[in-house]
Amino acid sequence: MMKYISTRSNKMEISGAEAIIQGIAADGGLYVPKEIPKLPFKPGEMIKADYREVAKGIIGLYFDDFTEEEIEFCVNNAYDEKFDVDSVVPVVKAKEAYFLELYHGKTAAFKDMALSILPYLLTTAMKKKKEDKKICILTATSGDTGKAALEGFANVSGTEIIVFYPKEGVSKIQERQMITQEGDNTHVFSIKGNFDDAQSGVKRIFNNLEFQEKLLQRNCKLSSANSINIGRLVPQIVYYVYGYISLIKQGVIEDGVKVNVVVPTGNFGNILAAYYAKQMGLPIGKFICASNENKVLTDFINTGIYDINRDFYVTNSPSMDILISSNLERLLFHLSGSNSEEISYLMECLEKDKRYEVSEDIKSGLEEFYGDFTDVDCTNETIRSMYVQNSYLMDTHTAVAYNVYQKYLSNSKDISPTIIASTASAYKFAESVAKSIGISETEREFEYMDKIWSETNVEIPKGLQHLDTKKVIHSRCIETKDMESVIFESLM
Ligand SMILES: *Cc1c(COP(=O)(O)O)cnc(C)c1O
């Protein structure tokens, strides 16, 4: 049976269902599998399989306390017509790279890949564990997680979902998606501050046992829909395996050939899922970690020093405007040989000194990673040139990834086949994309969507249509110090 342990103390072992319900460990650490399982098949054997089949194989391995029927139920309900393409995740070639399009779900960003299934995994886990308390999902978002979590959990019985987003840190369209969310159990607040403030606030609440005790008296228990929840991470492994299988199917590679992956990175969840895929046996060469001006990860990969004593930039790839990448803790844990004492120490340093330096062992593990960054102007230029030369439309985050890939190519001359994680529809960041491809300025951000459509003929995702005329339901802006009290009010 698979066991999960905290990155900060590996004494307690719990099952997958328990780890999903808890979200984060009581000691502040993140749950990781005690041992990473091996792929249950050779990728080459799966070229006839659809996305759901691959998902069942992998998710079933990690959550082996679920029955086969339970996993099947979760997967089939998650990856259905909500996705606007049959393949769920198309792999599209543009120039020399293969774009793994992860944004064909309801909210048009890759967060749908995991958040379409998390509510099913969670409610199934609650049934298994005979959990009779209401689960309150606390979510900090840099823009995309919030909406995907709201869509996933809206009206799911036994749950309440509360989302905090940085008032000035998301695109107009992202904000509109969240504040128009329907559903009796949905609650959305903007906070004065940036994403790190929102995420730290949520983590603080998870560590506030007194507050949780008060909630328990009202029959409520907290859990998380952020990628700190292992139930978010595991479903993300699937698409790397599926992407690899697609390349075999398209005749690009033979089974066993190494591919590189490029991931536009914020909280380090997506790229960590690729790392897990490799540990499971998927032939991956380099992990190319792409950042915007908030390049704390680039510096970390190059020096082994994680240092957040630096300016914070608001960019046009807001889902990566993050300085504290939570899931890095999981990578460090694995690279340290499961040394929870070392990880606790590093995380204490981060809290106290806002920096830490990792051991030589961890540094040598980082050699599988290449880190680089790009700025707003280069991002826009990358969108433009890709569109003009190849008629392929990228969003700002994907463009950061593609630009960093160009840098990697010229530095390394490594021409291995490469998968780019394409994390959002261009329409979510319509203003930046429109201006990049030469569309003239307009007053209203929503007009950019129509203009991009007439220029490119790329379909506007269903979930983004008519957003401007939808009724605003959530409009409160709060200070981070008031997060506890609004949670309490929401659960009344
Ligand atoms: C969340 C997000 C990212 C960053 O992913 P992490 O898993 O947090 O590293 C990148 N691009 C988009 C569009 C996102 O929504």
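Read the numbers this way: they start at 1 and go in the same order the structure lists the ligands and their atoms. Here the structure is a predicted model, which means the values were calculated and not measured.
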Could you go through ligand 1 and note, for every N or O atom, any protein N or O atom closer than 3.5 angstrom, writing the atom names and distance to 0.1 Å, or 'none'?
residue  : atom   : partner : partner atom : Å
ligand 1 : 7 (O)  : G269    : N            : 3.2
ligand 1 : 7 (O)  : N270    : N            : 2.9
ligand 1 : 8 (O)  : N267    : N            : 2.7
ligand 1 : 9 (O)  : G266    : N            : 2.8
ligand 1 : 9 (O)  : N267    : N            : 3.2
ligand 1 : 9 (O)  : F268    : N            : 3.0
ligand 1 : 11 (N) : T423    : OG1          : 2.9
ligand 1 : 15 (O) : K111    : NZ           : 2.6
ligand 1 : 15 (O) : D144    : OD2          : 2.5
ligand 1 : 15 (O) : S319    : OG           : 3.4

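- Using a 3.5 Å distance cut-off with no hydrogens or angles, the side chains of D414 and Y408 do pair a donor with an acceptor.
- Figure legend: K407 and F373 shown as a cation-pi pair, the cationic atom lying under 6.0 angstrom from the six-membered ring centre and within 45 degrees of its axis.
- Among residues two or more places apart in sequence or in another chain, the side-chain hydrogen bond (donor to acceptor under 3.5 Å, both in side chains) test is passed with N77 by none.
- A side chain to side chain contact (heavy atoms under 4.5 Å, CB included) with T180 is found for one member of V188, I473, L467 and no other, namely L467.
- Q236 places no side-chain N or O within 3.5 Å of a backbone atom of A114 that could act as its donor or acceptor partner.
- N327 and R330 share a side-chain donor-acceptor pair at under 3.5 Å.
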